[in-house]
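Report on the following structure.
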Amino acid sequence: MIEKTKAPGKLRSRAWFDNPDNVDMTALYLERYLNFGLSLEELRSGKPIIGIAQTGSDLSPCNRHHLVLAERVREGIREAGGIPFEFPVHPIQETGKRPTAGLDRNLAYLGLVEVLYGYPLDGVVLTIGCDKVTPACLMAAATVNIPAVALSVGPMLNGWHKGERTGSGTIVWRARELLATGEIDELGFIKLVASSAPSTGYCNTMGTATTMNSLTEALGMSLPGSAAIPAPYRDRQQVAYETGRRIVKMVHEDLKPSDILTRDAFLNAIVVNSAIGGSTNAPIHLAAIARHVGAELSIDDWQRHGHHVPLLVNLQPAGEYLGEDYYRAGGVPAVVAELMRQGLIREDALTVNGRTIGDNCRNAVIEDERVIRPFAEPLKEEAGFIVLRGNLFDSAIMKTSVISAEFRERYLCNPDDPDAFEGPAVVFDGPEDYHARIDDPSLDITPETLMFMRGAGPIGYPGAAEVVNMRPPAYLIREGVHALPCIGDGRQSGTSGSPSILNASPEAAAMGGLALIRTGDRVRIDLKRGTADVLISDEELAERRRALAEAGGYRYPKSQTPWQAIQRSLVGQLETGAILEGAEQFQRLAQEAGLPRDNH
Ligand SMILES: CC(C)(O)[C@@H](O)C(=O)O
């Protein structure tokens, strides 16, 4: 347990509600918070004021259950001697927001920073869930650095169709193949997809949501064992209550995000990400969180610390099972314990309950070895990402565990070098171009083709959309070719198992190498050397670059909202978290500025 205790009467909220140096303002602050029924006694009693950053709404169905869970959080806060103040966070729904929720993470982050800094809050419960809600909340908590604990909303119950598990997202990629080949009609498509979403909660697969909620627990920012609990389970309500109780104690202990979000915590998260088969979105969000808390983390850490770690969790898309099974098998603590026995976890990393991750997880056991495999019998060896570089981009990542033997055969260019692959490129400029042309036979897509998607990055889209995973043309699916490698400057859904090369930085819109590639160029990928190159001469590449620059650069659609334009002018690349550049230099501001000035 940590020993830090904050002197009573030194709470941040006292500057609003009990400031003898400025009685005028104290009255003003008190007056309006009394108007809905809080009493003077409560607000002057020195009890911590705890924010509940509410991310649920009708617009965010993945997080909507937080509207219910917040009641139990409030009860926990009250019982531990705090006063809950619930407030809304800018909604982020991956499947609802156009052009992409990727645009909203930085906006929600900025809004939450202002709330946490500018209101009388001593600590906060971050209600996390859908993909980008989690990093947005953690980035904001790291920036303001007040005691914060994350509460996951939990995954949906397992989906079922004709006796088989249907996992969110993953079933979409399968169903769109069936639709493309005419095996199901539009209504059948909708019903099959909807079968995967049987209850409140987020994706029940190991998509980006389950990944980010699991990694939040691995980072130490949520209570041990809490990430995997399905949203409708009673245990979820119970952990909401415990989370409310715990945050009050954290305020008294002055246990802050900077105490927890250390480099060791991030390295633990990288190791866990490989073992759970986590989403390719995780490197982007962890980079963003690390930069906001000031922890050192680079894209190369993913390969160095994560690539050799085997896949233990048998969840779709890499495996068979879904969220309920993951929880019953032991969830994050069982995975961490298994990794810990191999010396892969930095056991001293502190967590929100005041104990280390080692102490929290040491005695956890795997309850079902079909779902969480023992280290000695993994689902796949070397399940982490590798980082590729070359004349196409400075960095991109690839999950090598999804490369099948068939893939290796199709693209092998030299039998003596089993890790080098070659194929011709077919290039799409955005998903509209892809949808319009994918089934056009004149494109001549063959089982040896590498499909490129560009214009999908943080500036180009804007926001970096999950559009890189593209299905092959229907005629190839009918021949049994279900996936072609996709390469792009956007993201891929965490629920896709395609062998893709993703998050390419810099993107085409920033004149990265992808802007220069043309359909018909040959591309070589060398997994051993970590390279990806278009096989044209440096002179030809330079000539293409010159011509494109002269023509005004790589073209992308105009901004449609003020935020799109603002984000485009400030955002960095996916490799470094796609944060608002400059925010890093600003991120210490809220921590070092002391309290905000009075408002009247
Ligand atoms: C399934 C979604 C919407 O694509 C996302 O949640 C992810 O897993 O990346």
Side-chain angles (χ1 to χ4, degrees), residues 55-56 59-65 91-105 108 128-137 152-156 158-159 165-176 192-216 227-228 230-231 273 276-286 288 313 315-319 321-323 326 385 397 399 402 431 453 456 458 461 463-471 486 488 490-498 500 502-503 574 578:
T55 57
L59 282 178
S60 343
C62 288
N63 282 41
R64 194 175 183 283
H65 191 53
I92 311 181
Q93 176 62 30
E94 183 62 37
T95 56
K97 177 70 193 332
R98 292 167 73 165
T100 167
L103 194 58
D104 293 61
R105 188 201 65 187
I128 62 170
C130 187
D131 306 11
K132 285 156 199 70
V133 174
T134 304
C137 286
S152 170
V153 74
M156 293 183 279
N158 291 355
R165 285 178 178 78
T166 53
S168 19
T170 304
I171 193 64
V172 180
W173 320 128
R174 172 81 192 112
R176 74 180 180 178
L192 181 53
V193 170
S195 73
S196 69
S199 78
T200 189
Y202 54 70
C203 293
N204 46 26
T205 38
M206 188 54 76
T208 307
T210 298
T211 299
M212 287 309 298
N213 285 267
S214 296
L215 297 191
T216 299
N273 192 66
I276 63 178
S279 164
T280 49
N281 281 300
I284 305 166
H285 298 316
L286 258 59
V313 174
L315 244 62
Q316 297 180 27
Y321 293 95
L322 293 174
Y326 179 41
F385 305 136
I397 57 159
K399 225 189 221 185
V402 294
M453 169 62 68
Y461 208 73
E466 284 189 348
V467 293
V468 179
N469 45 317
M470 298 170 275
R471 69 156 172 82
C486 302
R491 299 178 295 112
Q492 169 170 291
S493 168
T495 61
S496 162
S498 299
S500 305
L502 300 154
N503 310 348
L574 292 177

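Just follow the structure's listing: the first ligand is 1, and inside any ligand the first atom is 1. Note that this is a predicted model, so its numbers are computed, not measured.
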Close-contact set for ligand 1 against [X] heavy atoms, below 4.0 Å:
X: Asp131; value: 5 (C), 6 (O), 7 (C), 9 (O)
X: Thr208; value: 7 (C), 8 (O), 9 (O)
X: Thr95; value: 3 (C)
X: Gly207; value: 8 (O)

### Task
Locate the shortest heavy-atom distance separating Val193 from Ala175; write the atom from each residue and the value.
CG2-CB, 4.0 Å
### Task
Taking all non-hydrogen atoms of both residues into account, name the closest pair between Thr210 and Pro155 and its distance.
OG1-CB, 4.4 Å
I need the contact type for [X] against ligand 1. Using non-hydrogen atoms and a strict under-4.0 Å cut-off, is it side chain, backbone, both or neither?
X: Arg491; result: neither
X: Thr495; result: both
X: Asn281; result: side chain

### Query
What's the spacing between Asn281 CG and Lys132 NZ if we round to 0.5 Å?
5.5 Å
### Task
Answer whether the closest heavy-atom distance between the side chains of Met453 and Met470 falls below 4.5 Å.
yes
### Query
Any side-chain heavy atom of Asn204 within less than 4.5 Å of one from Gln316?
no
### Query
Heavy-atom distance to atom 3 (C) of ligand 1: which of Glu94, Gln93, Gln492 wins?
Glu94
### Query
Is Trp173 close to ligand 1, meaning an N/O of one under 3.5 Å from an N/O of the other?
no
### Task
Please state whether Cys203 comes within less than 4.0 angstrom of ligand 1, counting heavy atoms only.
yes
### Query
Donor-acceptor pair, Asn503 side chain versus Leu574 backbone, under 3.5 Å?
no
### Query
Donor-acceptor pair, Arg491 side chain versus Ala464 backbone, under 3.5 Å?
yes
